[in-house]
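So the structure is just underneath, and the comments pick up after that.
Note on naming: letters A, B, ... go to the chains in the order of the sequence lines (proteins, then strands), and numbering restarts at 1 for each one. Because the structure is predicted, anything quoted here is derived from the model rather than measured. Computation of the quantities below employed the complete heavy-atom set of this structure, encompassing side-chain atoms and omitting hydrogens, waters and symmetry-equivalent molecules.
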Amino acid sequence: MNFSEVFKQSNQLCKVSPDGKYLATCVQYRLVVRDVSTLQIMHLYTCLDQISHMEWSSDSLFILCAMYKRGLVQVWSLEQPDWHCKIDEGSIGLVSSRWSPDGRHILNTTEFHLRITVWSLCTKAVSYIKYPKACQKGIDFSRDGSYMALAERRDCKDFVSIFVCDDWHLLRHFETETQDLAGLEWSPNGCVLAVWDSCLEYKVLLYSLDGRLLSTYSAYEWSLGVKSVSWSPSSQFLAIGSYDEKVRIINHITWKKIAQFEHPATVESTKTVYKEVERRPAVGTDEMSLHNITTGSTLFNTQSKYEICSLPVQIPVVKPDPDRANPKIGVSVLAFSSDNHYLATKNDNMASAVWVWNMQKMSLEAVLEQTSAVRCFQWDPRHPRLALCTGNTKLYLWSPGGCVAVQVPTEGNFLGPKLNYIVLRYRKGAELQ
Amino acid sequence: NPPPNRHTSDKNCEISSISHVTMSPSRQNNFVSSYLFPLAKSSYSVISAFCTEDNVLQCISYINQELASLGLCSTYIEATSPEGTGLNAVPALNAIYELLQIHRRTMSTVEALEKEQLKKSSTMELMQTSNTRLKDQLELSIREKSGLHEMERQLQLKIKTLQSCLKTEKDEVQKLQSIIASRASQYSHDAKRKEREAAKLKERLSQLLVDRKDKKLAIDVLNCLGRSDGKRGHWKTAKATASHEGEMYKSLLSDYEASQKSLMLENAELKKVLQQMKKEMIHILSPCSSSGRGATADDSQEQHHDSDGEEKMGDTSRETLDQSCEHAREQLTNSIRQQWRKLRNHVEKLDSQVSQVQNQLESNKEMIPLETHEDEMERMRCEVQQCKEFIHAQQQLLQQQLNTSFDDETAALLNDCYTLEEKERLKEEWKLFEEQKRNFERERKNFTEAAIRLGREKKAFEEDRASWLKNQFLNMTPFTDRRRCSSSDGHSALSVSNEPEIRMSSVKAQLAKSSTYTTFSTPRSSQSGAVPSTPELYRTLRLIPESRGRCSDLSIFSMGEDENSLS
C-alpha cells in the first residue's frame, strides 16, 4: 500500500473528484486542486472567507465552496480558472449548500431552514422551496439524479415533495404518517423512498415513486426507535439500525423483516473475531536521544496486529447515561459492501467493535475489536474490503480473507499521531488519507 | 372381698373340710382358686394316704418336722403312747390352731393380694383404654399435622408464584419507567433545542427589523453555463409536466417488470426443482415394491404408490403447460407433500425394520433370516451337487453307449429299442402333419371355390354395369367406340376397380381377363400349381370394392399380401 506524503487540510475538507482525477483540499480560505497521481498542484483558488463546505459537481468540472458565516457560496471552474461565480444569500443566512445532480444548480438552505433557494447556473434563475424540514436527513437525490425528495413540515404535519431535477417541477407532494420525520432515503433503483420517524417512535414508511404508501414497518413501541437506515446497493434489502442494539433487515418483495442481527456483549457464534493487539516496541537507552524523542517515531508509534480470538468473546460495553438525550447506545452506522455480500455495523455502546455480517447466510461473519473507539469505516467501491480508523495513526483493513493493520506514515512528533478524524475516500480501489 | 366369716364357718366344719377352699364368686381371678382347688384335692388324698394306724409315730415326727419348718417349734405334737395310736390333744390342738392362724393369715394376704391385683388390673385396663384413646388422638393429630403441612406447602408455592409475578411486574414497571424517563429527557432536549432556535429567530427578526438596508441577495456569475447534458433549456409546459409524469411511471413500471421477471424466473426454477424432487421421490418409491421386503400390506401400498405415481407422471405434462395456473401450482405442491409423506413413511418403516433386524441379531433369540438363508444355500448346494451327479451319470451312460462293451446283439437290440421309440414318435408326428395338411387343402379348396364364385359374380356384375354404361355412352356421344378400343390394352387384371371401360372392351379381352381370374397367375406368384395360393386369393378378393362388410377382411388380406411379399 502506498501512502502519499502528508499535506495539510483543515476542517476535514478533502475530496477526490467523482471522476477520480483530482484531489481538492481546503486550507483556511484557499482551495487547492491537485492531480491525484502526481499530487502536483493544478489550481489554486482563493475564497472570501474560511471555507465551511466544499463539494465537487457531478461532472468534476466545478467546485462549490460555501462560507456559512458570511452566507456566501463561490463556485470555481476547473476548465476555465478565471470563471467565477458568487452567490450571496444576504441576511437570510446560510446553513447548508449543495450541488444538484446535474451539476448546474446549487441548493442553499437558509438559516432556520426558512427556505431552500435553488440557483441555476445556466439561467441565473432562482426558485424557492418553502418549509423545508430541519432534520437528520431532509433532502435526498435519487442515484440517477432525476428526482429529489424533500421533507417539509407545515402546521405540525410532515410532508414529502418529490421534484424532477430536470426543471424542478414538483412531481408529487404527499403527507407522511410520521410524528416527526427524521430522514428519507431513495432506494438505489430510484423507485422506493424510505422515510423514518424520529427516535421517539419506531416507524419506517416505504413510499413508491408516485407517492403511494407501499408499506409501514414498526418493530416495537415506546422505546427509542430508529437510529440509522441503509439500503443495500441492489435495493433488495433495507437495513434499519435501532436503539435496542439490533439491526433489522427488510426485504423489498414483502417489506417484512427477514432477519434480525443482534449485538450481544458476549459473541458466541461467528466465523472469526479479530482483536487488535498493540505492541509497544521496547525502547533501549541508546535510542533515547533527544532527536528520537522529538521525532517520536519509535517511542509512541505502537505496532499493532490482529489476533484471532477463540469464542466466546466478551466485547467491552460502555453503559450510557440514562438521563441524557440521544444516548450512546444502538446501531448508529450501517454500510453495505458494494457487492451486496456484507453489512458492516457499529453499536454505539460497543464503540470499539465493528461487526461484519454475511448477507448471503444472514449470519455474523466477523467482529473486529479495536483498542479504541472506531471513528469511521468505509467500504471499497469495487471489492468487499472495509477500511476503518480509530483515531490513531493506523489504518485497518478487513476483507473476507483476513484483517490487517497498516501504519500510516506521519511526520512524527509528539502531537503528530493525534488524528481526530480521518475521512476516507476511495478512488476506484486506492485509498487516500 | 369375701367376708372373713367364711373362714370361721369353715373352721367349724370337720377336719376333712380343711381341704375345702372358699370359693368366692366375687373373685375376679378364678384361676387362683382353680390352682388351689386341685391342690387341695390332692392334698386331701395325700392326707388320707398319709396317716394310717401303723405309721402314726412317723406321721407325728413328720408333722413335727413340717411344723418346725413352718416356724412353729413350740408346738410339737406328741404321741400319748409309744405305740403311737393316740395323740396328745393339747399340742396337737395348738399345732392345729397355729396352722389355722397361719392359714388365716395366708388367706388374708391372699385376699389382700387379690385385692391388690384387682386394683392393678383395673388400673391397667384403665391405662390401656387411655393408651388406645391417646393413640387415636395421636394419629388424628398426626393426620391433622400432615394436612396442615400440605396446606402450608401449597401456600408457600402460592407465595412463590405471587412473588415471581410481583417481580415481573416490578421489572416491567421499572422498564416502563426507564422508557418514560428516556422519552422525557428526549422531549425536553428537543423542546430546549426548539426553544433555542425560536430565540435565535426572534433575535434575527429583531435584527432584521432594525437593519433595513440590506444587500439584495443576488448571484454574480461571469457568464452563464451551458447545461450539463448540452441541450437547450425547455419551457415549463403542461406537456413537460405530462412527460415527467410519464417518465416517472415508466421508470416505476420498468422496475416492477424487472422484479416480476426475476420473480418469475425464480418461481420457474423452484417449480423445476419441485418437479425434479417429485419425480425422484416417485422413482425411489416405485422400485421398493419389487424388493419384497416387508408384509403384503406393504406391497399393496407400494402398488398404490405406483399407480398413483403413474397417474402423477401423466399429470406432469399437463402441469408444464399451465404452470402459471394456481390450480396446477397447488396440485404440484400437494403431490410433492404426498410423495414426501410416503417417502418419509417408507423410510421410517425401513428404519424400524432395520432396527428390528438389528435387535434380533443382537438378542440372538431367533436367527431365522440368517438360518433360512443358510438353509437356502444348503439346498442349492445339494441341488447343484445332484445336478452334477446327474450330468456325470449321463456322461457315463453316453460313454457307455459310445464305447459299448456289450455284445453286438444286445447293442443292436438296444439301438433298435431307441430307434423304435423315435420311429414311433416320428410316425405320430407325421400323422398329425398329414392330417393338418389335409385340413389345409380342404380349406384352400373351399376358398378357391368361393373365390371363383365371387369372381364370376363380379364379372357378371361388371358386365352388366359395362353394358349399362355402354348404352349410356352410346346414347350420349358418337366417339365412344374409339375410346373403348384404345383403352383395352395394357391393363392388368388388378386395376379393374377404377376403369369400367375395360368391361366394354372386346370379348377377347374379357376372356383374357376371365382367364386371368381363373388361373389367378400374377408375375409375383411363387407357386405355379393349379391350386392358387391363399395370398393370391386374398388379393383378388380384395378387388371387390363395394363390399363394405369386408373391411375387416381386407385388413387381413393385406397382411397376407405382406407375408407373401416378404417370402
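- The stretch residues 155-164 of chain B places none of its residues near chain A, where near means some heavy atom under 4.5 Å from a heavy atom of that chain.
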Verdict with supporting geometry, I179(B) and S223(A), side-chain contact (heavy atoms from CB on, under 4.5 Å)
CA-CA 6 Å; I179(B) 286 173; S223(A) 295; 3.1 Å; yes
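- Residues M248(B) and I162(A) are not in side-chain contact: their nearest non-hydrogen atoms beyond the backbone lie 4.5 Å or more apart.
- For the atom pair CD1 of I253(A) and OG of S262(B), the computed distance is 6.5 Å after rounding to the nearest 0.5 Å.
- Residue contact with chain B, scored on non-hydrogen atoms closer than 4.5 Å, is absent for L61(A).
- Separating the CD1 atom in I92(A) from the CZ atom in R204(B) is a distance of 8.5 Å, to the nearest 0.5 Å.
- Between Y243(A) and S182(B), the closest side-chain pair of non-hydrogen atoms is not below 4.5 Å.
- When side chains are defined from C-beta on, K175(B) does not count as touching W222(A), because their heavy atoms never get closer than 4.5 Å.
- Of the atoms belonging to R324(A), it is backbone heavy atoms, and not side-chain ones, that fall under 4.5 Å from chain B.
- Between the CD atom in Q186(B) and the OG atom in S198(A) there is a gap of 7.5 Å [rounded to 0.5 Å].
- Only the side chain of L224(A) comes within contact range of chain B, with heavy atoms under 4.5 Å apart.
- For a residue to count as touching a neighbouring chain, one of its non-hydrogen atoms must lie under 4.5 Å from one of that chain's; by this rule D323(A) touches chain B with the backbone only.
- Top candidate by heavy-atom pairs under 4.5 Å with chain A, chosen from E247(B), E197(B), R183(B), is R183(B).
- Most heavy-atom pairs under 4.5 Å with chain A: of the set L263(B), I180(B), L252(B), this distinction falls to L252(B).
- With a 4.5 Å cut-off on non-hydrogen atoms, L176(B) does not touch chain A at all.
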